[in-house]
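Every value quoted in this text rests on a predicted model; they were computed, and no experiment measured them.
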Amino acid sequence: MASELEPEVQAIDRSLLECSAEEIAGKWLQATDLTREVYQHLAHYVPKIYCRGPNPFPQKEDMLAQHVLLGPMEWYLCGEDPAFGFPKLEQANKPSHLCGRVFKVGEPTYSCRDCAVDPTCVLCMECFLGSIHRDHRYRMTTSGGGGFCDCGDTEAWKEGPYCQKHELNTSEIEEEEDPLVHLSEDVIARTYNIFAIMFRYAVEILTWEKESELPADLEIIEKRDTYYCMLFNDEVHTYEQVIYTLQKAVNCTQKEAIGFATTVDRDGRRSVRYGDFQYCEQAKSVIVRNTSRQTKPLKVQVMHSSIVAHQNFGLKLLSWLGSIIGYSDGLRRILCQVGLQEGPDGENSSLVDRLMLNDSKLWKGARSVYHQLFMSSLLMDLKYKKLFAVRFAKNYERLQSDYVTDDHDREFSIADLSVQIFTVPSLARMLITEENLMTIIIKTFMDHLRHRDAQGRFQFERYTALQAFKFRRVQSLILDLKYVLISKPTEWSDDLREKFLEGFDAFLELLKCMQGMDPITRQVGQHIEMEPEWEAAFTLQMKLTHVISMMQDWCALDEKVLIEAYKKCLAVLMQCHGGFTDGEQPITLSICGHSVETIRYCVSQEKVSIHLPVSRLLAGLHVLLSKSEVAYKFPELLPLSELSPPMLIEHPLRCLVLCAQVHAGMWRRNGFSLVNQIYYYHNVKCRREMFDKDIIMLQTGVSMMDPNHFLMIMLSRFELYQIFSTPDYGKRFSSEITHKDVVQQNNTLIEEMLYLIIMLVGERFSPGVGQVNATDEIKREIIHQLSIKPMAHSELVKSLPEDENKETGMESVIEAVAHFKKPGLTGRGMYELKPECAKEFNLYFYHFSRAEQSKAEEAQRKLKRQNREDTALPPPALPPFCPLFASLVNILQSDVMLCIMRTVLQWAVEHNGYAWSESMLQRVLHLIGMALQEEKQHLDNVTEEHVVTFTFTQKISNF
């Protein structure tokens with residue numbers, strides 16, 4: 001068939017080469033109806049240049065398109081030979097101070113860790129080498145394609161926004177100067193005309209959905225009966241499936257099929273057969289039949305050759321527009337105006353809106369071309385970047401829904417442009433206040449997670465493959481929320497406060513659906529049959545960790561916002577656990593003359609959940625009340641009197657008891673899913689907003705209630721109340737022939753409970769809990785990591801939590817606590833703990849795993865032996881608590897605590913006492929050491945007129 005076309009095609013080529021761009025442009029300049037004139041020209045010539053046979057000839061098509069189609073446009077726009085016209089425009093133009101180089105896949109990018117506002121701010125190699133950042137701490141990565149260089153953007157860099165090349169362009173910049181002043185009125189009018197016609201044409205033809213007829217103004221009479229069987233890319237079918245199917249459908253060799261498949265993967269579509277309608281339809285039915293067995297079939301369309309021709313030229317045209325606007329900022333401004341001008345249908349009718357809203361219907365190649373155009377036009381013009389950001393935010397919900405159901409990867413979706421918009425601080429603030437962006441993102445996210453249990457909590461059990469796919473996609477919305485929050489406001493307007501708090505409400509609704517999700521019950525008797533789904537909930541928690549931290553950072557910056565957020569969070573927590581008794585029966589506990597009313601609840605028998613984000617957020621906000629001193633400045637504005645400490649501690653305490661029981665081997669029959677959950681709960685990726693906040697919530701509760709009451713509730717939850725409340729229980733217990741396992745279990749639980757008390761009193765290195773700053777906190781983490789063994793830089797960084805900017809804060813403090821030992825001929829350089837820091841070592845540091853604790857203990861005792869010192873590891877001196885937490889130390893001198901200490905010490909000395917353990921005794925002695933240290937600090941600081949309130953020695957002597 002191709003051979004028949006050859007002579008005809010050659011004849012056409014000759015007639016095309018005889019066209020004169022200058023003459024055509026001259027004709028257009030005289031035209032009364034320019035649109036009609038240009039469309040007739042395109043209708044006649046585009047099908048003669050493109051799609052003349054089964055295979056494309058890109059060089060030839062480009063040459064002819066430039067000569068016959070683009071040439072006249074360039075002549076028209078310049079009003080003279082473009083070879084002279086464009087250089088004139090370039091000369092008159094003031095070069096941009098923005099670089100805006102769009103990265104190709106695999107190209108190196110550089111981000112300055114000291115000066116970048118966030119990690120998404122990057123430089124191309126040329127700008128980086130010419131900037132001050134080459135001498136700073138920087139991070140080098142390879143681009144996934146699609147982003148662009150931020151050189152020249154003053155909002156992206158704390159200092160050094162320009163490299164040497166772009167600095168030259170800033171000297172005479174008049175901010176907000178209109179770039180159109182450098183163009184003559186004639187050029188402006190002609191550019192506007194041609195851009196409006198061509199951009200509209202490209203959008204119309206690329207979003208055209210009919211397969212065999214063109215838009216009316218592009219139809220021609222002498223239409224040929226030639227069609228393409230067009231195969232489209234998806235991310236579902238494998239290369240092998242496509243190659244095999246094509247060999248069957250179009251009788252091609254394996255090599256040809258591989259060529260087709262490669263092009264489809266790269267460009268998003270490829271014609272696999274050319275001929276009349278019937279011939280192409282036959283190939284289509286074979287492809288559909290062969291690929292629809294397991295999954296949805298490959299997308300195939302039989303399209304008229306003239307439609308494909310116009311679409312190919314439409315893409316060429318968008319690339320041409322992108323290169324033309326490079327000559328002048330004025331031309332760029334005109335294209336932006338044309339793109340964002342509302343069409344006759346009002347809302348969402350601009351060309352830019354139409355492209356965005358059709359994004360998921362377009363093939364990969366078309367998407368890439370128009371995304372590139374948006375980046376070189378709308379995102380490079382500061383005025384229009386703002387207007388585009390508004391359009392993007394207004395369509396956000398729809399764009400995300402399209403992306404979630406689309407089967408292309410995120411980098412091929414218009415939704416991926418969020419990183420270019422939301423990370424600009426001024427745009428993010430404007431979109432929060434004017435478009436309520438925070439709320440929109442969170443609500444869109446919630447809309448996609450519809451699977452809930454009877455209590456309205458997220459339920460990920462038995463997710464279908466499709467739901468799992470959607471869940472993976474929806475996670476990108478959390479990333480968008482992170483982008484919006486990444487730069488913190490320095491000034492707050494009333495509008496920003498109002499809209500942030502509205503977003504905070506929506507965020508609390510999201511956390512409310514997570515509070516108590518994936519509850520588990522202890523398996524007794526036989527092993528669990530099917531491991532329950534736990535990963536989805538933890539994935540969600542991990543993705544949200546930084547967002548939760550950033551929400552708290554925002555609240556910390558404004559007292560009014562902090563107070564309101566605290567009230568809102570407390571109200572939601574009370575809704576979650578209003579009747580926190582869950583219908584359990586009330587009981588009264590009594591020890592040493594103290595009694596407290598609580599509920600009967602056994603972690604080992606009832607449902608318990610590790611997911612408590614609302615409680616943990618409240619704990620974080622409570623610490624901020626202390627750190628910012630809002631709690632002391634405005635106590636009347638805070639609902640502190642409404643707090644019910646037993647309600648606050650209940651769920652975090654259950655969670656910590658669960659960990660203790662798992663450690664005691666009571667949940668073995670629940671399988672690995674639970675072991676994994678406990679692992680992540682303590683893991684460096686999650687602990688900051690999970691385990692650490694549970695400790696803080698218990699510290700909050702203890703500081704607000706009678707410590708005796710707290711300890712009794714704690715004994716009850718650990719299921720140890722009987723042992724400590726009954727005199728001589730140990731003797732009775734050991735005289736019965738008791739199951740060894742039960743004794744072992746109880747011993748472990750007692751050890752774990754004592755460990756928890758050590759943590760509650762000793763963990764005061766969070767700013768706001770103790771009188772410390774963030775540097776003290778990170779120093780302490782490093783000291784304890786290096787107490788285990790000397791570590792290489794990379795190993796140490798992995799053991800520290802990262803913030804949203806991927807920073808650990810290690811570099812600023814490492815020299816104060818460690819020496820760097822250079823590597824020998826082989827091996828790595830190691831950081832070693834400075835000897836003077838060893839005194840800060842705490843054997844019961846709360847971030848140690850069991851293995852790390854025993855290694856650290858061994859290493860520290862060995863060190864002490866080498867230095868000929870006593871090998872005891874006494875509790876280190878601690879900073880004082882902040883006033884809001886100050887009463888926490890009284891737990892050490894409370895009657896119930898003294899009773900627990902006495903009981904364990906008694907078991908240790910009685911010949912036939914309860915089967916105690918060495919770890920138990922060691923923990924009690926550690927607690928006594930902590931109490932003595934606390935008393936010493938208390939006496940050192942007390943003045944004559946003050947009454948001594950901490951009298952541990954006196955009390956324990958009299959006990």
>> Using the rule given for side chain to side chain contact (heavy atoms under 4.5 Å, CB included), can you reason through W157 versus C112, listing the C-alpha separation, both sets of side-chain angles and the distance that settles it, and then say yes or no?
In response: CA-CA 9 Å; W157 310 98; C112 180; 4.1 Å; yes
>> Once rounded to the nearest 0.5 Å, what's the spacing between atom CD of E642 and atom CE of M647?
In response: 10.5 Å
> Which atom pair, heavy atoms only, marks the closest approach of F500 to C555?
Replying inline: CE2-SG, 3.9 Å
>> Nearest 0.5 angstrom please: Q455 CD to D453 CG, how far?
In response: 5.0 Å
>> Ignoring hydrogens, what is the shortest heavy-atom contact between S703 and F885? Give both atom names and the distance.
In response: CB-CA, 3.9 Å
> Do F458 and H451 make the cut of ring centroids closer than 6.0 angstrom?
Replying inline: no
>> Before you tell me yes or no, could you show the steps for M714 and L756 under side chain to side chain contact (heavy atoms under 4.5 Å, CB included), namely the whole-Å CA-CA distance, both residues' side-chain angles and the distance that decides it to 0.1 Å?
In response: CA-CA 10 Å; M714 189 177 189; L756 180 52; 3.3 Å; yes
> Do the non-hydrogen side-chain atoms of Q541 and I610 ever get within less than 4.5 Å of each other?
Replying inline: no
>> Testing the 3.5 Å rule here: is there a donor-acceptor pair between the side chains of N676 and S673?
In response: no
> Going by distance alone, is a donor N or O of one side chain under 3.5 Å from an acceptor N or O of the other, for S615 and Q515?
Replying inline: yes
> How close do P489 and R429 get, heavy atom to heavy atom, and via which atoms?
Replying inline: CA-NH2, 3.4 Å
> What is the distance from atom CE of M514 to atom CG of L449, rounded to the nearest 0.5 Å?
Replying inline: 10.0 Å
>> Just verifying a value: how many Å separate I778 CD1 and L800 CG, rounded to the nearest 0.5 Å?
In response: 4.5 Å
> Thinking salt bridges, do E559 and K633 make one under a 4.0 Å N-O criterion?
Replying inline: yes
> In Å and rounded to the nearest 0.5 Å, what is the CD to NZ distance from E434 to K499?
Replying inline: 10.0 Å
> For E155, which residues count as a side-chain contact (heavy atoms from CB on, under 4.5 Å) partner, sequence neighbours excluded?
Replying inline: D153, V424, P425, S426
>> Under a plain distance cut-off of 3.5 Å, with no hydrogens placed, do S476 and R410 share a side-chain donor-acceptor pair?
In response: yes
>> Between E802 and R688, does the salt bridge (Lys or Arg N to Asp or Glu O under 4.0 Å) criterion hold? Intermediate values first, please.
In response: CA-CA 10 Å; E802 285 185 340; R688 186 173 261 182; over 6 Å; no
>> When you compare the side chain of R616 with that of C655, does any pair of heavy atoms fall below 4.5 Å?
In response: yes
> Can you find a side-chain donor-acceptor pair between T141 and T109 that sits under 3.5 Å?
Replying inline: yes
>> Taking side-chain contact (heavy atoms from CB on, under 4.5 Å) as the criterion, tell me which of L562, V623, L617 meets it with Q552.
In response: L617
> Taking C-beta and beyond as the side chain, do F445 and I478 meet within less than 4.5 Å on heavy atoms?
Replying inline: yes
>> Under the rule for side-chain contact (heavy atoms from CB on, under 4.5 Å), what residues qualify as partners of R398, not counting sequence neighbours?
In response: L357, D402
> To the nearest 0.5 Å, what is the distance between OH (Y396) and OG (S418)?
Replying inline: 6.0 Å
>> If you compare all heavy atoms of G701 against all heavy atoms of I649, which two are closest, and at what distance to 0.1 Å?
In response: CA-CG2, 3.6 Å
> Heavy atoms, side chains only, cut-off 4.5 Å: are D553 and E804 in contact?
Replying inline: yes
> If we ignore angles and hydrogens, is there a donor and acceptor under 3.5 Å between the side chains of Y679 and N683?
Replying inline: yes
> Do the two ring centres, one from F504 and one from W554, sit under 6.0 Å apart?
Replying inline: no
>> Are Y846 and Y755 an aromatic pair, judged by ring center distance below 6.0 Å?
In response: no
> Would a line drawn from the ring center of Y681 to the ring center of F538 be shorter than 6.0 Å?
Replying inline: no
>> Just to verify, what does K567 make a salt bridge (Lys or Arg N to Asp or Glu O under 4.0 Å) with, not counting sequence neighbours?
In response: E564
> What's the verdict on side chain to side chain contact (heavy atoms under 4.5 Å, CB included) for R764 and L888, showing C-alpha distance, side-chain angles and the deciding distance?
Replying inline: CA-CA 11 Å; R764 33 178 111 169; L888 220 160; over 6 Å; no
>> The test is salt bridge (Lys or Arg N to Asp or Glu O under 4.0 Å); show your working for R113 and E807 and say whether it passes.
In response: CA-CA 8 Å; R113 291 171 59 198; E807 294 292 345; 3.0 Å; yes
>> Per the side chain to side chain donor-acceptor pair (under 3.5 Å) rule, what does the pair list look like for residues 767-777, sequence neighbours excluded?
In response: none
> Do we see a donor-acceptor contact under 3.5 Å between the side chains of Q475 and T539?
Replying inline: no
>> Working note: D359 + H371, criterion side-chain hydrogen bond (donor to acceptor under 3.5 Å, both in side chains); need CA distance, chi angles, decisive distance, verdict.
In response: CA-CA 10 Å; D359 186 73; H371 295 174; 3.0 Å; yes
> Do we see a donor-acceptor contact under 3.5 Å between the side chains of E781 and H847?
Replying inline: yes
>> Is a donor from one side chain sitting under 3.5 angstrom from an acceptor on the other, for D495 and S493?
In response: no
>> Can you tell me which residue among H682, M697, R687 is in a side-chain contact (heavy atoms from CB on, under 4.5 Å) with D692?
In response: R687
>> What verdict does the side-chain hydrogen bond (donor to acceptor under 3.5 Å, both in side chains) test give for D447 and T444, after you've listed the backbone C-alpha separation in whole Å, the side-chain angles of each residue and the deciding distance to 0.1 Å?
In response: CA-CA 5 Å; D447 281 349; T444 307; 5.7 Å; no
> With no hydrogens and no angle check, is any side-chain donor or acceptor of Y680 less than 3.5 Å from a backbone partner on E535?
Replying inline: no
> Any donor-acceptor pair under 3.5 Å linking the side chain of S849 with the backbone of E852?
Replying inline: yes
> Does E811 reach the side chain of H793, with side-chain heavy atoms less than 4.5 Å apart?
Replying inline: yes
>> Per the salt bridge (Lys or Arg N to Asp or Glu O under 4.0 Å) rule, what does the pair list look like for residues 501-516, sequence neighbours excluded?
In response: D505-K568
> Could you walk me through whether H133 and Y110 pass the ring pair (Phe, Tyr, Trp, His ring centres under 6.0 Å) check?
Replying inline: CA-CA 9 Å; H133 308 295; Y110 299 82; over 10 Å; no
> Which is it for Q400 and D480 under the side chain to side chain contact (heavy atoms under 4.5 Å, CB included) test, yes or no, and what are the steps along the way?
Replying inline: CA-CA 11 Å; Q400 293 302 332; D480 284 349; 3.4 Å; yes
> Any side-chain heavy-atom pair from M690 and H611 closer than 4.5 angstrom?
Replying inline: yes
> Which atom pair, heavy atoms only, marks the closest approach of F471 to A536?
Replying inline: CZ-O, 3.5 Å
>> Please give me the minimum heavy-atom distance between P652 and D694, naming the atom from each residue.
In response: CB-OD1, 3.7 Å
>> Taking salt bridge (Lys or Arg N to Asp or Glu O under 4.0 Å) as the cut-off, I'd like each qualifying pair that reaches into residues 388-397, sequence neighbours left out, listed once.
In response: E347-R391, D353-R391, K394-E435
